[in-house]
Amino acid sequence: MTRRPVAWIVAVVLFGEALFFAAFNWFLGVVVDRQKMSLAGLDPEVMARASKIGGIVFGLYFALCALVALLVAVRDRQPAGLGRVLLISVAVVHGLLAAFAWGPIGPAVFLGLLVVLALIVLLLVSYDRAPRTPGRSGPGDGGGDAPVTSGPAPTTP
């Protein structure tokens, strides 16, 4: 099945993005600090520090989401609880990044982010429900092997 390879790909891509975003924001912080740039009178040191801290936090967020995808790949089980919430949130982040990337950066980055978004969504929906075992019926499916009766079982002569 294609579930495990997708989970591995998502994990590798998210780890790469974690490193990229952390390094890029760190680089921006260094540039702001060395150039003593100011935006609307803000202190350049505060802006540089905020950029570095933001890069570390965002990188750790992507790394945590990549860890969840890695655990899904290793265990071959659907993400549950906080892991599922993290994967859903990183999918939303990729959708928003793609929407904002179209104008300033271009369609290539937009399409790349959409591919990652599609992989994350595929990871989430491929583990959507556990397969049912034959002969067992779940609540509300209207199925079952025999009608349920109350009382003792009938005897045959």
### Message
Under the rule for ring pair (Phe, Tyr, Trp, His ring centres under 6.0 Å), what residues qualify as partners of Phe24, not counting sequence neighbours?
### Response
Phe20
Per-pair distances, 0.1 Å, donor-acceptor, side chain in residues 67-76, under 3.5 Å, sequence neighbours excluded:
| residue | atom | partner | partner atom | Å |
| --- | --- | --- | --- | --- |
| Asp76 | OD1 | Tyr127 | OH | 2.6 |

#### Entry: Taking every non-hydrogen atom, the tightest pair across Gly59 and Ala22
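Closest pair (atom of Gly59, atom of Ala22, distance): CA-CB, 4.3 Å.
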#### Entry: salt bridge (Lys or Arg N to Asp or Glu O under 4.0 Å) against Asp33, all qualifying residues, sequence neighbours excluded
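Expected list: Lys36.
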Extract all donor-acceptor atom pairs below 3.5 Å that involve side chains of residues 110-122 and protein atoms in other chains or at least two apart in sequence.
none

### Message
Is it the case that the side chain of Ser51 and the backbone of Asn25 share a donor-acceptor pair, with hydrogens and angles ignored and the cut-off at 3.5 Å?
### Response
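Yes: the side chain of Ser51 pairs with the backbone of Asn25.
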#### Entry: side-chain contact (heavy atoms from CB on, under 4.5 Å) involving Ala18 - partner list, sequence neighbours excluded
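Ala18: side-chain contact (heavy atoms from CB on, under 4.5 Å) contacts with Phe62, Ala63.
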### Query
How does the hydrophobic cluster around Ile56 look, that is, which other residues are in it when side-chain heavy atoms under 4.5 Å mark a link?
Trp26, Val30, Leu60
### Task
Please write out which residues are connected to Ile53 in a hydrophobic cluster, directly or through intermediates, given that two of Ile, Leu, Val, Met, Phe, Trp, Tyr count as joined at side-chain heavy-atom separations below 4.5 angstrom.
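Same cluster as Ile53: Val57.
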For residues 87-107, which side-chain N or O atoms pair as donor and acceptor with protein atoms under 3.5 Å away, sequence neighbours left out?
| residue | atom | partner | partner atom | Å |
| --- | --- | --- | --- | --- |
| Ser89 | OG | Tyr61 | OH | 2.7 |
| Ser89 | OG | Val85 | O | 3.4 |
| Ser89 | OG | Leu86 | O | 2.8 |
| His94 | ND1 | Val90 | O | 2.8 |
| His94 | NE2 | Glu17 | OE1 | 2.6 |
| His94 | NE2 | Glu17 | OE2 | 3.0 |

#### Entry: Residue pairs involving residues 37-57 (criterion ring pair (Phe, Tyr, Trp, His ring centres under 6.0 Å); sequence neighbours excluded)
none
Just distance, no hydrogens or angles: give the donor-acceptor pairs under 3.5 Å from side chains in residues 43-50, sequence neighbours left out.
none

